[in-house]
Amino acid sequence: MSADTKNIAKLDAEAMSLESVSMWRTAWRRLFRRRSAIAGLVILGILTFIAVTAQWVAPYGYDQVLIGKEPVKARQAPCIHLLGCPKDQPQHLAGIDGNVRDQFSRLLYGARLSLVVGISTVSFAIVLGTALGAIAGYFGGWWDTIIMRVMDVLLAFPSLLLAIAIVTVLGPGLINALLAIGIVDIPIFARVMRASVLSVREMEFVSATRALGGNPFHILFRRILPNALTPLIVQGTLGIASAILSAAALSFLGLGAQPPTPEWGAMLGAERNQVFTAPHLVFYPGFMIMLTVLCFNLIGDGMRDALDPRLAHVS
Amino acid sequence: MMIQYIVRRFFAAIPVLFGILLVTFALARLIPGDPCRAILGEKATEEICARFIQEKGLDKPILIQFGIYIGEMARGDFGSSFRLGMPVTRLLVERLPTTVELSISALLVSMIIGIPLGIISAVKHNSWLDVGTMVWANIGVSMPVFWLGLMLAYVFSLLLKDTPFWLPPSGRLSPGVADTPFYQVWGWTVAETGLVSGILKFIGRMNIFNALITGNWELLKDAVTHLILPTLALGTIPMAIIARMSRSAMLEVMGQDYIRTARAKGLRWFTVIMKHAFRNSLLPIVTVIGLSLGTLLGGAVLTETIFGLSGVGRTLYEAITARDYGIVQAFTLVIAVFFVVINLVVDISYAYLDPRVRLD
C-alpha cells in the first residue's frame, strides 16, 4: 500500500516537473527532433557563416575585374584543381562571369544580401501588419472594416505583380524592391494578428486587465501579443522564404538590385541569354537561391509542428 | 440557401473590385512625370498634350476623373498603347490566350500529379515514397521559377539535342506551322471588330483547343511540344504545394474516428480513402489550388519572359520597362479581376463541398 502511494507521489512529482518546462523549451526540443528542421538549421548556419565571413573567405572582391590580372576570358567555365583542372591555371570554383569577375566570390557575397533582404522585408511587414491587425481586431467596428477591406484589395493582386507595379511607381532599385515586397506581405501578418486578437479579446484575463484599468496598449502588447507570437513566428519564417524568392524574381527582371551588386537573382538575370554557352553562370546563383529558400521553408515547417500544442503528445 | 450564399459572396466581392479600380487608377497617377507624355510618349508636343489632357478630363477634379475612369473600364474601353499603336483590348485578345493556355495546362499538370502524390504519401505514411515525395515537394516550393525554366531549357534543348526527347526552348509554334483559326476553316464570315469577333479570335488563338476542334494534328503536336517546358517550369511550384497540402489534409482526416468505423464495417480500403477521407480533405486542397492560381499568374511573367512567349505576363513586363502605362493599367486590372473571380469560384465551391459553410 505504502509503496503504491509512494509511486503515485513520484508520478505526481514527475508530472509537475514536466509542467514546469516552458513552452519554448519544449518547442526547441521538438524542433531539434525533426530531421528536416535540423537540415534547415544547418544550411542556415552555413549561409550565415558565409555571409559574415564573405570578405575573408572570398578569394576575390565581388566587383574585382580580372582583365589583365589573370589569363581568363569572360564566361570561362569553372576550373577546380581537385577535379583535374591544370594546376598552372588560376582556380575559379564557379567560373568567370560576363564582366570577367570571379563568380564564386560573388556568390559568397550574395548570401549577405539574401539574408538581409529576407529578414528586413519580413520585419517591416510584421511590424506594420501586426499593428494594423491589432487595431482592426481590438477596436473592431469601422477600424476593422476599413483596414481589412484594404488588406483584401492588396491580397486581390497576385503578389509578384503587385510588387512589380509598386516598383514601377517607386522606380527600380534594391531598397524600393524590398519596400514593395514588404508592402505586399503586410496583409498576411495583419490577418494572422487580427485572428489572434479576436480569439483572446473576450477572454477573462483580458477583461480582468481591463477591469484593473489597464490601457489598450498595455492590454494589446502585454496580454494579447504574446498569444499571437506562435503563428507570427511560423508565418514570419515562411514569409522570409517567399520574400527572398520575390526579391530574386524582381532583381532577375532588372527591377531590384542593380549591377554590380552581387545579388543572386540579378546575377542570374544578367546572364540568362548565355544559358546555352555558360550554364554555370545561371546554375550556381539559382541553386543558392533555392538552398536559402529551402532552409527557411524547412525551419518554418518544423516550427509550425513544434509550436503546435495539438502535437504535444507526439514528443 | 446555396443561391443566397452565392449572391452574398458576389456582393462581398464588389468593394474589393472597387478597391482594385482605385489602386490601378492611383497607380497611373502616382507615376512620376506628366500623364500625357507617360501615355502618348516623350515626343508629344505641347498642343497635343493640351488637347489630350482636355479630352481625357485630366484637368477636372480627381473625383470626377475617377468617375470617368470607372465608366471607361465598365465599357471595356481600356485605351490604347502608344508604343504598339493599337487598342489595349485588341492586344488582350491577341495575348491573353497564350497565358490562359499556359496557366490551365500548368494547373492541370500540377493537380493531376500533385493530388495523387499527396494521397499516396498520406496513405503510405512514413514509407520511402512518402519521404521521397516530401523531400521533392520541399525542394519544389523553394525553386525560383526562372531558374527552373532556364535549367529545363538547357537540359531539354541543348543536352538532349538529336534525341527524341528534344524540346523547343522558346516560342509558341515552329515557323511555318499553319494555325488557321476554326472560324476560317469552317468558312464563317467574321467582322473586323466587335465583341463577338473578339471572342471568336480569342478562342481561335488557343492553339490546342483550335487544333482539336479543326482536326489539325500537326498544329496540335507542335503546340503541345512547345508547351511542355513552360508548363513544367510554371507547374512545379503549385504541384509541390498541392502535394503537401493534400498529404497533410488527408493525414488529418484519416486519424478521425469515422474512418476507423468505415473500415470496421468492412468497406474496401480504396472506397474509404476516396469516398470518406479524400472527400473530406477537399476543402483545404481547393483553397490551396485557388491560391496557386495567384502564384501561376505572377509566375507567368517570369515563364513567358524565359520561353519567349508573348502572353499577358511578358507584355505587362515589357510595358513596365517601356513605361507604357496604358497597358500596365489595363493588364493589371484584368489580372486582378480574374484573380477575384477565381477566389469567388473557390468560395462557392467551399459551400458546395461543405454544406456547413453556407450557414455561417
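Per chain, numbering begins at 1; letters A, B, ... match sequence-line order.
A:L268 has its side chain within reach of B:L150: a pair of non-hydrogen atoms, C-beta onward, lies under 4.5 Å apart. A heavy-atom distance below 4.5 Å is not found between the side chains of A:L294 and B:V141. Taking the side chain as every heavy atom from C-beta outward, B:P169 and A:F276 approach each other to under 4.5 Å. A 4.5 Å side-chain heavy-atom check between B:F146 and A:R272 finds every atom pair outside the cut-off. With a 4.5 Å cut-off on side-chain heavy atoms, A:L154 and B:V23 do not count as touching.
For the residue pair A:I289 and B:P144, the shortest heavy atom distance occurs at CG2-CG, 3.6 Å.
Between A:F252 and B:W147, the ring centre distance reaches or exceeds 6.0 Å.
Between atom CD1 of residue B:I335 and atom CG of residue A:L162 there is a gap of 11.5 Å, rounded to the nearest 0.5 Å. For the atom pair CG (A:L160) and CG (B:L302), the distance works out to 5.5 Å, reported to the nearest 0.5 Å. A distance of 6.5 Å separates CG of A:N297 from CG of B:N138, quoted to the nearest 0.5 Å.
B:N343 does not touch chain A: none of its heavy atoms, backbone or side chain, sits under 4.5 Å away. Contact annotation for A:A241: neither backbone nor side-chain heavy atoms come within less than 4.5 Å of a heavy atom of chain B. The contact between A:D152 and chain B is made by backbone and side chain atoms together, counting heavy-atom distances below 4.5 Å. Looking at B:M143, both its backbone and its side chain come within 4.5 Å of chain A, counting heavy atoms on both sides. Only the side chain of B:L316 comes within contact range of chain A, with at least one heavy atom under 4.5 Å from a heavy atom of that chain. For chain A, no part of B:L148 is nearby; none of its heavy atoms comes within less than 4.5 Å. There is no contact between A:I244 and chain B, counting heavy-atom distances below 4.5 Å. At a 4.5 Å heavy-atom cutoff, A:N273 makes no contact with chain B through either its backbone or its side chain. With a 4.5 Å cut-off on non-hydrogen atoms, A:F287 touches chain B through its backbone and its side chain both. Heavy-atom distances place the side chain of A:R149, and not its backbone, under 4.5 Å from chain B. Heavy atoms of B:V16 lying under 4.5 Å from chain A belong to its backbone as well as its side chain.
Options B:A13, B:G19, B:G299, B:A300 differ in how many heavy-atom pairs under 4.5 Å they form with chain A, and the most are formed by B:G19. Interface check for chain B: of the options A:V275, A:L253, A:V153, the most heavy-atom pairs under 4.5 Å are formed by A:L253. Here A:A249 is the residue among A:G254, A:A249, A:A165 with the most heavy-atom pairs under 4.5 Å with chain B. Of all the listed residues (B:L297, B:I20, B:L159), the one sharing the greatest number of non-hydrogen pairs under 4.5 Å with chain A is B:I20.
Within 6.0 Å of atom CH2 in A:W143, 12 or fewer heavy atoms from other residues, nucleotides or ligands are found, so the atom counts as exposed in its surroundings.
Side chain of B:Y154 to backbone of A:P279: no donor-acceptor contact under 3.5 angstrom is found.
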